[in-house]
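Taking it in order: structure first as structure tokens, then the write-up.
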Amino acid sequence: MTYDFETNVDRDPILRGTGKYNIMRDSKGNKPPKGTVPLSVADMEFRTAPCIIDAIKAEADFGLWGYHMVTDSFRQACCQWMADRHSWQIQPDWIVPIEQVVPSLYVSLFAFTQPGDGVIVQTPAYHHFIGATEHTGRKVLENRLLVDANGRYTIDFDDLRKKAAQAKLMFLCSPHNPSGRVFTPEELRQIGDICLENGVLVVSDEVHHDLIQKGYTHTVYASLGDKYAQNSVICTSLSKTFNLAGLCFASIIIPNPELRATFQNTMSTHGFKHTSRFGPVAHEAAYRSGAPWLDELLDYIKGNYDYFRAFMAEHFPKVVVTELEGTYLAWFNCSSFGLSDADLAAFLTDECLLYLDNGLEFGPAGSGYQRINLACPRNILADALGRLYTGCKARGLAQ
Ligand SMILES: Cc1ncc(COP(=O)(O)O)c(C=O)c1O
């Protein structure tokens, strides 16, 4: 390995304001004891790629950070990345810079729907899809994914057809968080056809688009063909891929000029004017030189997933671990522990000192599940799983 994914980085929660450490709460709403391990929120315990650190240092040395517009060079680098890694040919002016992906979900709702309109969300779902829809007074139309005995998720197309008849917009999460599914072109085309037939705009959140395991290929929704592209808003960022979430930058790619103008106008009327300078600098460096680091990262995450899966198979054979096709977030069904969702969460934080994402954060479809973040040095993962094992033994839960 050329890059270092093994060294533990001390992310001091006080000095560095590290979000995932600061938001942890135990079952009584108190901060859990020091040393509780958060393998929750989707950011990584790895330092980003050296090429990005160098680019940020050079920008820091420049010392003049006035208002910023993304450069032509940034746009070209993004186009090249999409062509090289996703076989998707885009034009530089399709890219709309914004601070983060989540605000782009809100802007899409304001731009393309009215209060009361139906919005399709495939559950279990990343909580902001439901949150943004409800906060803006739109109506969530749940299209619950189907899950088989091996924990593999697929789309309920009959239900999707029914929901599409009542919807204006669909939030597609591709690859899907938390199920880790990388949807096939056939699945995406079926979604697209149903949406086109019903006049439903597809807002495809592809923030995990580069985190794809070997044997799977991510298909950008808009790359399916022009009719799909013209009815889409594609939300991308390297924030997950290269651990840049704190630099707050995303590229929303909108091939249709009318949709793009409406989106940009809505951004403006909702107060989005400029992005920071450092976000696009980091992104350009990653687009141009980050691929070798990313390829090693993906291998390391696969190693962690294999370790996790083997550990669970050995110690908790009744726990169903879903295949990790994409993302670095493993999703697993703990119903066999026989605990309620609340008791399971309390057991993990209070007794195991382990903080994961509870399935219910992804809606009722996540009941019984936990999501664990595998983007950490293996010794952290091993420590976390050891805590789980010891906690379960003490409780008589080991299976
Ligand atoms: C599907 C999905 N979209 C968006 C985000 C957040 O992106 P951002 O930080 O750019 O708002 C996440 C983070 O976990 C995510 O999983």
Side-chain angles (χ1 to χ4, degrees), residues 17-20 23 38-45 48 70 78 95-109 119-133 135 140 143 145 153 169-183 202-212 218 220-221 233-253 267 270 272 275-276 278-280 282-283 286 301 322 324-331 355-359 361-363 365-366 369-376:
T18 303
K20 79 200 288 187
I23 63 171
L39 292 182
S40 49
V41 177
D43 62 28
M44 309 201 252
E45 296 302 318
T48 192
V70 298
C78 178
I95 303 166
V96 181
I98 190 169
E99 278 95 336
Q100 287 173 291
V101 168
V102 170
S104 78
L105 307 177
Y106 281 78
V107 171
S108 298
L109 290 168
V119 174
I120 299 172
V121 179
Q122 293 184 307
T123 62
Y126 174 59
H127 63 285
H128 282 299
F129 294 124
I130 294 173
T133 305
H135 294 158
V140 174
N143 175 227
L145 296 175
Y153 283 79
L169 185 149
M170 172 169 178
F171 281 135
L172 175 64
C173 185
S174 174
H176 186 263
N177 172 16
S179 76
R181 272 303 313 282
V182 173
F183 294 121
V202 177
V203 175
S204 187
D205 177 338
E206 307 198 7
V207 74
H208 296 278
H209 65 336
D210 294 304
L211 297 160
I212 308 298
H218 174 70
V220 176
Y221 174 76
V233 170
I234 311 296
C235 308
T236 74
S237 172
L238 296 183
S239 61
K240 301 288 153 206
T241 318
F242 290 95
N243 212 18
L244 308 175
L247 292 182
C248 291
F249 184 77
S251 296
I252 311 308
I253 304 175
M267 272 179 68
H270 285 76
F272 292 97
T275 66
S276 100
F278 287 89
H283 273 67
I301 287 168
T322 288
L324 188 76
E325 300 181 0
T327 81
Y328 48 69
L329 307 160
W331 182 242
Y355 200 78
L356 308 181
D357 282 303
N358 298 312
E361 288 168 31
F362 305 86
Y369 283 79
Q370 290 286 321
R371 193 190 74 173
I372 186 167
N373 185 333
L374 299 173
C376 61

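None of these values were measured; they are calculated from a predicted model. For ligands, and for the atoms within them, numbers begin at 1 and follow the listed sequence.
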Exam field: side chain Y328 to backbone C376, donor-acceptor pair closer than 3.5 Å:
no
Between N373 and V41, is there a donor-acceptor pair closer than 3.5 Å when you use the side chain of the first and the backbone of the second?
yes
Ligand 1 to V102 polar contact by distance, N or O atoms, under 3.5 Å:
yes
How long is the span from the CG atom in D205 to the CZ atom in F171, to the nearest 0.5 Å?
8.5 Å
Within the structure, does F129 bring an N/O atom to less than 3.5 angstrom of an N/O atom in ligand 1?
no
Starting from atom 8 (P) of ligand 1, what is the nearest protein heavy atom, named by residue and atom, and what distance separates them?
V101 N, 3.6 Å
Under a 4.0 angstrom heavy-atom cut-off, which atoms of ligand 1 come close to C173?
1 (C)
Atoms of ligand 1 under 4.0 Å from any heavy atom of A42, numbered from 1 in the order shown, are 14 (O)
Would you mind checking which non-hydrogen protein atom is closest to atom 3 (N) of ligand 1, with the distance to 0.1 Å?
D205 OD2, 2.5 Å
Checking I252 against M267 for the side-chain contact (heavy atoms from CB on, under 4.5 Å) test, could you report, in this order, the C-alpha distance in whole Å, the side-chain angles of both residues, the deciding distance, and whether it holds?
CA-CA 12 Å; I252 311 308; M267 272 179 68; over 6 Å; no
Do me a favour and list the nearest non-hydrogen protein atom to atom 9 (O) of ligand 1 with residue, atom name and distance?
Q100 NE2, 3.5 Å
Parallel, tilted or perpendicular, judged at 30° and 60°: which one describes the rings of W331 and Y369?
parallel
Would you say H128 touches ligand 1, if touching means a heavy atom closer than 4.0 Å?
no
Proximal atoms of ligand 1 relative to V207 (non-hydrogen, under 4.0 Å):
1 (C), 2 (C), 3 (N), 4 (C), 15 (C)
What about S237: any of its N or O atoms under 3.5 Å from an N or O on ligand 1?
no
Between D357 and Q370, do the side chains contain an N or O donor and an N or O acceptor separated by less than 3.5 Å?
no
The protein heavy atom nearest to atom 5 (C) of ligand 1 is Y126 OH, 3.2 Å
Ignoring hydrogens and geometry, is there a side-chain-to-backbone donor-acceptor pair from S204 to E206 under 3.5 Å?
no
Within the 6.0 Å centroid threshold, strictly below: H128 and Y126
yes
Report yes or no: does a heavy atom of A245 sit under 4.0 Å from some atom of ligand 1?
no
List every atom of ligand 1 that sits less than 4.0 Å from any heavy atom of K240, numbering the atoms from 1 in the order shown and giving each element.
12 (C), 13 (C), 14 (O)
Name the one of E325, R181, Q122 that satisfies side-chain contact (heavy atoms from CB on, under 4.5 Å) with Y153?
R181
Please verify whether a non-hydrogen atom of H208 lies at under 4.0 Å from ligand 1.
yes
